[in-house]
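Worksheet for the structure shown next.
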Amino acid sequence: MAKKIEPKCLPVIRNGQPKEPVIGVFSPCDPRIDKGSRQRSVNIVKMVAETISGTVMMPDKQPVSVVYSSVLVDSEAQADIVAQQFRKAGVNIIVCAPDTWAFPQLTSISLLQQFPSDTPLNITCGNSGPKPGVVYAHALSGAISQYGKMVTLNVGTWPDTGMNPKMTPQTATSLIDWCYAAVTAVALRGRRVMVFGHDSMGMETALAHIIPTRNTFGLEITRLDMKLLADMLDKQSYNKKELKELRAWIDKHIGKRLELKSKADSERFDISLAMYLINRDLMADLNAVGGGFMSQLEWGSDMRGKPLPVADCMESLFNSTFDHNGPKAPLPYATEADVQGLLTMLFMTYLSGGNPPLFMDFRKVWEAWEIKALAKKIGVKNLPRKADWLTKGLVDGDNSGSASFDWAAKPGASLKEIMSRVSMPLADEGYFPGGGNSVTFMTPAGVEGIAGRVAYSSVNGRFSMIWDEAYSTEVPQKLSKAMCDLTTPTWPHTFVVPKYANMLEYKQYAPANHFHMTWNLPVARLQHWMDLTGVLSVTPWSARPSFIEGVDRPQPLIHLINGGENAYKMMGK
């Protein structure tokens with residue numbers, strides 16, 4: 001009779017930590033080839049791992065863990081060994097780096113079948129002739145695509161001969177872009193965001209689509225009632241010493257640009273700062289990766305209740321890369337509890353390795369003729385004929401909340417320079433009778449990135465990303481002031497120029513009244529992430545080619561053999 005085995009009680013963990021992405025690199029090999037070629041394969045695995053290591057970052061600028069196996073996968077036996085190595089190391093992203101021919105089913109497929117089907121897989125190889133690894137890469141990519149699993153093929157370049165080849169910079173860039181996409185997809189599974197309040201001002205485009213968000217991205221949405229926040233403010237459930245430190249920090253960097261007309265104004269502003277501390281601590285308790293807050297109407301505008309101060313400064317602090325305690329990761333935070341806006345900023349922040357997100361109203365689209373007409377009306381002459389805003393136009397992106405302080409200056413600017421460009425006027429009493437202070441600045445020209453917005457359709461049950469490359473621009477000061485005065489001058493302004501969309505297309509195809517931008521985000525990263533998550537890519541711009549070499553990622557084979565990208569994704573993949 002078999003001996004009874006007692007169950008093992010696991011040790012108590014004081015603070016649970018979410019799983020982290022771990023990238024594992026391996027190589028299949030042909031058991032028949034010479035010893036030198038086998039050693040070269042091992043060296044290539046290490047080279048690929050070293051290329052990734054230290055270059056793929058989480059939003060807090062911590063590098064993603066990278067491991068590799070020196071065991072070459074010749075057959076099922078070695079596949080089991082490497083799979084066990086990867087499991088023990090916590091690998092949840094896999095990179096295959098072949099340099100020789102091998103047998104797909106006996107090698108990589110036998111390894112992959114031991115991992116969840118949604119494990120991201122990349123095949124990166126040189127276009128090598130001697131053995132040849134590129135032939136294996138095509139065989140493996142085709143086999144995996146035929147049985148319905150997403151795989152990304154990166155046929156790059158490294159020397160055909162030599163024991164220690166190095167991949168070209170473009171090959172490395174293509175691999176790293178994919179790794180960022182894979183890390184974003186994996187790191188956010190099982191995570192949560194924390195949102196105060198319910199439907200955002202009745203904006204259906206901002207709804208928390210709980211089940212689709214869970215099924216598509218693995219994200220949970222923790223929904224809290226704003227009464228909790230009001231109660232915690234009333235009970236002063238925050239560190240009062242830290243509140244004084246935060247206020248002193250604001251006073252130091254903003255000074256007289258913080259508009260306060262009375263002691264009551266100062267007290268209301270302190271309430272906004274206390275909201276930041278309370279929300280920050282609540283999100284830390286939940287291990288939340290982002291948040292949102294429904295200001296209008298209940299919190300700050302409904303006179304049937306007791307309007308409370310605006311959350312603008314709180315939202316800006318969350319989205320910034322610093323606060324009174326020093327550098328920090330931006331924690332994407334959406335004004336008006338705009339969950340789809342939050343998702344957009346969250347994905348872009350992870351894909352960019354922690355660059356600050358910008359939350360804007362899609363406020364006023366200025367066609368070129370309108371700008372010329374306004375300039376003539378206010379007496380601004382000698383306009384530069386070739387200026388982008390005169391040949392194409394621009395969008396005045398501005399919103400009362402969620403504008404990262406970082407966007408007051410160019411990337412790389414010091415905290416001192418950024419904050420010197422920020423002002424905090426009193427909030428518009430008409431919109432916000434609860435009072436408090438807005439945040440305002442003008443983004444300088446030349447900040448490049450991707451502007452876009454997540455959308456959801458109940459018809460097909462799919463998320464989409466409507467996006468374009470974009471950059472910030474600026475117009476003469478007198479003209480700029482007149483343009484801002486036509487919207488809301490006391491809010492942050494970013495004059496956005498889309499790269500491919502014309503102004504007619506841009507204002508017709510906006511999926512919501514909010515849009516978002518993140519700087520230094522490569523297009524290929526966004527596209528790879530959409531491949532991994534099944535998000536539809538929407539770029540209805542007549543001027544944009546279907547494929548731009550060096551910018552776009554090549555279409556995965558699985559798209560091509562299933563009727564195209566949209567057809568494949570619409571199958572629910």
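By convention here, the first residue in the shown sequence is residue 1. The figures that follow rest on heavy atoms only: side chains count, while hydrogens, waters and symmetry mates do not.
Ring centers of Trp529 and Phe347: under 6.0 Å apart, within the cut-off. Between Tyr333 and Phe359, the ring centre distance reaches or exceeds 6.0 Å. Two rings, from Phe495 and Trp366, have their centers 6.0 Å or more apart.
Among residues at least two apart or in separate chains, there is no salt bridge (charged side-chain N to carboxylate O under 4.0 Å, His left out) pair with a member in residues 346-357. Applying the side-chain hydrogen bond (donor to acceptor under 3.5 Å, both in side chains) definition to pairs two or more places apart or across chains, none involves residues 417-432.
Looking only at side-chain heavy atoms (C-beta outward), Arg192 and Val289 stay at 4.5 Å or farther from each other. Two residues are said to be in side-chain contact when any heavy atoms from C-beta on lie closer than 4.5 Å; Leu286 and Val193 fail this criterion. A heavy-atom distance below 4.5 Å is found between the side chains of Lys261 and Glu259. Residues Leu331 and Met283 are in side-chain contact: their nearest non-hydrogen atoms beyond the backbone lie under 4.5 Å apart. Looking at heavy atoms from C-beta onward, Glu448 lies out of side-chain contact with Glu469 at the 4.5 angstrom threshold. With contacts defined as side-chain heavy-atom distances shorter than 4.5 Å, the pair Arg223/Ile221 qualifies. In this structure, Met424 and Arg257 have side chains that are not in contact, with every pair of non-hydrogen atoms separated by 4.5 Å or more. Within the 4.5 Å cutoff, side-chain heavy atoms of Tyr350 are placed close to those of Pro59.
Remark: the Gln527 side chain and the Asp552 side chain contain an N/O donor-acceptor pair separated by less than 3.5 Å. With hydrogens and angles left out, the side-chain atoms of Thr184 and Arg525 include no donor and acceptor closer than 3.5 Å. Residues Gln170 and Ser174 have side chains that bring a donor and an acceptor to within less than 3.5 angstrom of each other. With no hydrogens or angles considered, no side-chain donor-acceptor pair links Asp468 and Tyr506 at under 3.5 Å. Side-chain N/O atoms of Arg363 and Thr488 include a donor and acceptor closer than 3.5 Å. Counted by atom type alone, His514 and Asp361 present one or more donor-acceptor pairs between their side chains at under 3.5 Å. Thr321 and Asp406 share a side-chain donor-acceptor pair at under 3.5 Å.
Remark: of the listed residues Asn399, Asp396, Thr443, Thr443 is the sole one forming a side chain to side chain donor-acceptor pair (under 3.5 Å) with Thr494. Residue Ser404 forms a side-chain contact (heavy atoms from CB on, under 4.5 Å) with just one option from Asn319, Val439, Leu317, Leu358, and that option is Asn319.
Heavy atoms only, all atoms of each residue included: Val496 and Ala470 are closest at CG1-CB, 3.9 Å. The two residues Thr440 and Pro489 have their closest heavy-atom pair at OG1-O, 3.5 Å. Across all their heavy atoms, Met348 and Thr518 have their closest contact at CB-OG1, 3.3 Å. Of all non-hydrogen atoms in Leu394 and Met503, the two that sit nearest each other are N-SD, 3.7 Å. Considering every non-hydrogen atom in both Gly452 and Met465, the closest pair reads C-SD, 4.4 Å. Across Ile418 and Ala409, no two heavy atoms sit closer than the pair CG1-CB, 3.9 Å.
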- Might you work through the side-chain contact (heavy atoms from CB on, under 4.5 Å) test for Thr335 and Phe293, ending with a clear yes or no? CA-CA 6 Å; Thr335 194; Phe293 174 77; over 6 Å; no
- With side-chain contact (heavy atoms from CB on, under 4.5 Å) as the test, would you mind laying out the steps for Leu277 and His324 before giving the verdict? CA-CA 11 Å; Leu277 300 180; His324 60 297; 4.1 Å; yes
- I would like to know whether Thr473 and Asp388 meet side chain to side chain donor-acceptor pair (under 3.5 Å); could you show each step before the answer? CA-CA 8 Å; Thr473 191; Asp388 46 20; 3.0 Å; yes
- Do Ser537 and Trp467 pass the side chain to side chain donor-acceptor pair (under 3.5 Å) test, and can you show the C-alpha distance, the side-chain angles, and the key distance before you say yes or no? CA-CA 8 Å; Ser537 178; Trp467 64 275; 2.9 Å; yes
- Message: Determine whether Tyr238 and Met232 satisfy the following criterion, side-chain contact (heavy atoms from CB on, under 4.5 Å), listing intermediate values before the conclusion.
- Response: CA-CA 8 Å; Tyr238 49 84; Met232 293 183 75; over 6 Å; no
- Task: Would you please test Leu383 and Val475 for side-chain contact (heavy atoms from CB on, under 4.5 Å) and show each step?
- Result: CA-CA 9 Å; Leu383 300 178; Val475 304; over 6 Å; no
- Output, in order, the C-alpha distance, side-chain angles, deciding distance and verdict of ring pair (Phe, Tyr, Trp, His ring centres under 6.0 Å) for Trp299 and Phe196. CA-CA 10 Å; Trp299 182 265; Phe196 268 113; 8.0 Å; no
- Message: Before you tell me yes or no, could you show the steps for Ser266 and Arg247 under side chain to side chain donor-acceptor pair (under 3.5 Å), namely the whole-Å CA-CA distance, both residues' side-chain angles and the distance that decides it to 0.1 Å?
- Response: CA-CA 10 Å; Ser266 181; Arg247 176 61 188 270; 3.0 Å; yes
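Heavy atoms from other residues, nucleotides or ligands lying under 6.0 Å from NZ of Lys240 number more than 12. For Lys252, the NZ atom is loosely surrounded, since the number of other residues' heavy atoms within 6.0 Å does not exceed 12. Heavy-atom neighbours of Lys61 NZ from other residues, nucleotides or ligands within 6.0 Å: above the threshold of 12. Other residues, nucleotides and ligands contribute only 12 or fewer heavy atoms inside 6.0 Å of the CG atom of Asn382.
Without hydrogens or angle criteria, Thr55 side chain to Ile52 main chain gives a donor-acceptor distance under 3.5 Å. No donor-acceptor pair closer than 3.5 Å links the side chain of Lys392 to the backbone N or O of Glu367. Judged purely by atom type and a 3.5 angstrom limit, Gln340 uses its side chain to pair as donor or acceptor with the backbone of Thr205. Arg268 places no side-chain N or O within donor-acceptor distance of the main-chain N or O of Lys263, the cut-off being under 3.5 Å. Between the Ser53 side chain and the Val66 main chain, no donor and acceptor come within less than 3.5 Å of each other. With Asn279 contributing its side chain and Glu315 its backbone, the two residues share no donor-acceptor pair below 3.5 Å. Of the possible polar contacts, none joining the Lys507 side chain to the Asn502 backbone as a donor-acceptor pair under 3.5 Å is found. A distance-only check finds no donor-acceptor pair linking the side chain of Lys478 to the backbone of Gly379 [under 3.5 Å].
Between Lys227 and Asp225 there is no salt bridge, since no side-chain nitrogen of the basic residue lies less than 4.0 Å from a carboxylate oxygen of the acidic one. The residues Glu220 and Arg191 are annotated as not salt-bridged, no charged nitrogen and carboxylate oxygen being separated by less than 4.0 angstrom. One finds a salt bridge joining Asp531 and Arg553 here, because a Lys/Arg side-chain nitrogen approaches an Asp/Glu carboxylate oxygen to under 4.0 Å. Electrostatic pairing of Asp251 and Lys244 does not count as a salt bridge here, judged by no charged N lying under 4.0 Å from a carboxylate O. A salt bridge between Glu370 and Lys364 is present, with a side-chain N of the basic residue lying under 4.0 Å from a carboxylate O of the acidic one.
Annotation: the span from Cys179 atom SG to Ile93 atom CD1 amounts to 7.0 Å, rounded to 0.5 Å.
In this structure, the side-chain hydrogen bond (donor to acceptor under 3.5 Å, both in side chains) partners of Asn325, at least two apart in sequence or on a different chain, are Glu242.
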